[in-house]
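Contents: one structure, followed by commentary.
Below, each value reflects all heavy atoms present in this structure, side chains not excepted, and no hydrogens, waters or symmetry copies. Note that this is a predicted model, so its numbers are computed, not measured.
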Amino acid sequence: MDIIYNIIVALICLIFGYLIGSVSFSILIGKIFYHQDPREYGSKNAGGTNAGRLWGKKMGLLVITLDMIKTVIPMWICWAILTFVPFGDKPLLASTAQYYSGEGATYLINWPVYLLANLGSVIGHCWPIFYKFKGGKGVSAFMGTILGASWGLGWVPGLLWYFPVLKKTKYVSFTSMTMTVVASIFAWIWAILCMTNVIQGSWCYFPFYGPTINCSWHYALIITLMSILIIYQHRGNIQRLRAGTERRIKWMDSKKDKEKAAQAQ
């Protein structure tokens with residue numbers, strides 16, 4: 001019976017995240033304000049990067065922010081319901097503190113099943129049911145997952161890695177793919193340190209938002225699955241990177257770069 005409950009709740013979290021993730025803000029904004037479908041222009045991708053190229057940096061940043069938020073919301077909703085709403089005499093899900101103290105075994109669910117809402121959201125962002133299964137590449141949704149779940153493991157690869165590498169290479173695709181790999185490595189290192197008791201007790205969830213979101217190996221696995229999915233979505237970019245035809249961004253060019261480009265023309 002416990003297995004059935006776990007499967008049902010896991011599917012609910014996954015489907016809930018998928019439906020929320022299927023809401024494409026790039027397509028909505030494009031059709032409402034610009035009477036354009038971003039999937040028909042530029043890179044033909046319903047993501048923040050293409051939105052920025054079509055409608056300006058501010059609109060691209062807005063799309064990215066909204067796509068990140070739509071991934072965070074279902075995770076926290078699932079976490080709150082499963083952790084606080086009674087199912088009989090107690091909630092279905094053990095808290096993170098109970099998980100690490102060994103009390104989690106007395107609950108019907110003692111693993112962070114709410115993380116499947118994040119995975120579902122990324123899948124929905126890439127293949128939205130509301131838009132004929134043609135969406136973005138999942139990077140913004142991935143960023144929403146790591147930043148919304150962890151201030152430590154998320155901010156390092158999400159910001160301290162992403163922007164310096166992007167400024168150096170000018171390739172959004174390359175930077176995005178490597179960022180997901182770095183985030184996965186960070187997550188696995190922390191999970192292994194906790195599982196082997198190198199880091200003990202409450203310190204295991206130190207890089208997260210307190211004893212809320214569980215930072216166990218489940219989190220590292222979900223992040224890794226997302227990373228694989230995003231790299232798969234960038235297979236066309238990988239071919240262009242290898243051929244040297246991938247498009248570079250220009251809005252991060254320094255003054256010297258702009259002067260050199262002007263002189264070369």
Side-chain angles (χ1 to χ4, degrees), residues 13-80 114-150 154-155 157-159 162-163 166 171-173 175-177 179-180 183 222-223 225-227 229-234 236-237 247 249-252:
C13 290
L14 185 68
I15 293 170
F16 177 59
Y18 174 77
L19 293 175
I20 300 297
S22 290
V23 177
S24 176
F25 289 103
S26 176
I27 296 174
L28 286 174
I29 290 173
K31 290 187 174 182
I32 293 172
F33 296 104
Y34 300 96
H35 306 292
Q36 293 179 329
D37 187 331
R39 296 171 299 176
E40 298 175 358
Y41 301 90
S43 64
K44 295 180 171 52
N45 176 54
T49 302
N50 196 35
R53 291 190 182 119
L54 295 174
W55 310 314
K57 289 186 290 185
K58 291 182 180 179
M59 197 56 65
L61 182 60
L62 175 62
V63 169
I64 290 172
T65 302
L66 291 174
D67 283 340
M68 290 171 62
I69 292 173
K70 79 177 181 185
T71 309
V72 174
I73 289 175
M75 176 189 70
W76 282 102
I77 288 177
C78 290
W79 170 81
Y114 44 79
L115 292 174
L116 287 176
N118 294 99
L119 180 60
S121 186
V122 172
I123 295 172
H125 181 83
C126 296
W127 297 284
I129 192 172
F130 307 128
Y131 304 102
K132 299 180 180 179
F133 303 101
K134 186 179 179 182
K137 295 184 178 178
V139 178
S140 297
F142 181 91
M143 290 278 283
T145 297
I146 61 174
L147 296 178
S150 169
W155 286 94
L159 296 180
Y162 192 91
F163 288 105
L166 181 61
Y171 288 125
V172 174
S173 57
T175 305
S176 298
M177 288 186 286
M179 180 268 296
T180 66
I222 292 294
I223 293 296
L225 291 174
M226 290 181 183
S227 178
L229 187 153
I230 288 169
I231 291 173
Y232 171 77
Q233 284 291 85
H234 282 82
N237 302 86
R247 184 175 179 178
I249 60 169
K250 297 181 179 180
W251 54 269
M252 290 188 76

At what distance, to the nearest 0.5 angstrom, does CZ of F33 lie from CE of M59? 7.0 Å
Please round to the nearest 0.5 Å and tell me the distance separating atom CD1 of I223 and atom CD1 of I230. 8.5 Å
Return yes if some donor-acceptor pair links the side-chain N/O of T175 with the main-chain N/O of Y171 below 3.5 Å, else return no. yes
Please round to the nearest 0.5 Å and tell me the distance separating atom OG of S26 and atom CG of L54. 7.5 Å
Could you walk me through whether N237 and K137 pass the side chain to side chain contact (heavy atoms under 4.5 Å, CB included) test, one step at a time? CA-CA 11 Å; N237 302 86; K137 295 184 178 178; 2.5 Å; yes
Would you check, one step at a time, whether the test side chain to side chain contact (heavy atoms under 4.5 Å, CB included) holds for D67 with T71? CA-CA 7 Å; D67 283 340; T71 309; 5.9 Å; no
Side-chain touch W155/S150, heavy atoms, less than 4.5 angstrom: no
Within-4.5 Å side-chain heavy-atom neighbours: C126 and L229: yes
Does CZ in F130 sit with more than 12 non-hydrogen atoms of other residues, nucleotides or ligands closer than 6.0 Å? yes
Locate the shortest heavy-atom distance separating G135 from P128; write the atom from each residue and the value. N-CD, 3.4 Å
Closest contact, heavy atoms only, G17 versus P74: CA-CB, 4.1 Å
Which distance, rounded to the nearest 0.5 Å, do you find between the CG of L225 and the CD1 of I123? 9.0 Å
Do L115 and L119 come close enough that some side-chain heavy atom pair is under 4.5 Å? no
As an exercise, state the distance from OG1 of T180 to NE2 of H234, rounded to the nearest 0.5 Å. 8.5 Å
State, yes or no, whether a side-chain contact exists between W55 and P38 at a heavy-atom distance under 4.5 Å. yes
Counting C-beta onward and ignoring hydrogens, is there a side-chain heavy-atom pair between I64 and M143 closer than 4.5 Å? no
For I129, is there any backbone N or O sitting under 3.5 Å from a side-chain donor or acceptor partner on S22? yes
Full working for side chain to side chain contact (heavy atoms under 4.5 Å, CB included) between K70 and L66: CA-CA 6 Å; K70 79 177 181 185; L66 291 174; over 6 Å; no
Determine the minimum heavy-atom distance between K44 and N50, stating which atoms define it. N-ND2, 3.7 Å
Taking the side chain as everything from C-beta on, heavy atoms only, tell me whether M179 gets closer than 4.5 Å to F163. no
Just wondering, do F142 and N118 contact through their side chains at under 4.5 Å, heavy atoms? no
Once rounded to the nearest 0.5 Å, what's the spacing between atom OG of S173 and atom CG of N45? 11.0 Å
Side-chain heavy-atom pair L14, Y18 within 4.5 angstrom cut-off: no
Would you check, one step at a time, whether the test side chain to side chain contact (heavy atoms under 4.5 Å, CB included) holds for R39 with I27? CA-CA 8 Å; R39 296 171 299 176; I27 296 174; 3.5 Å; yes
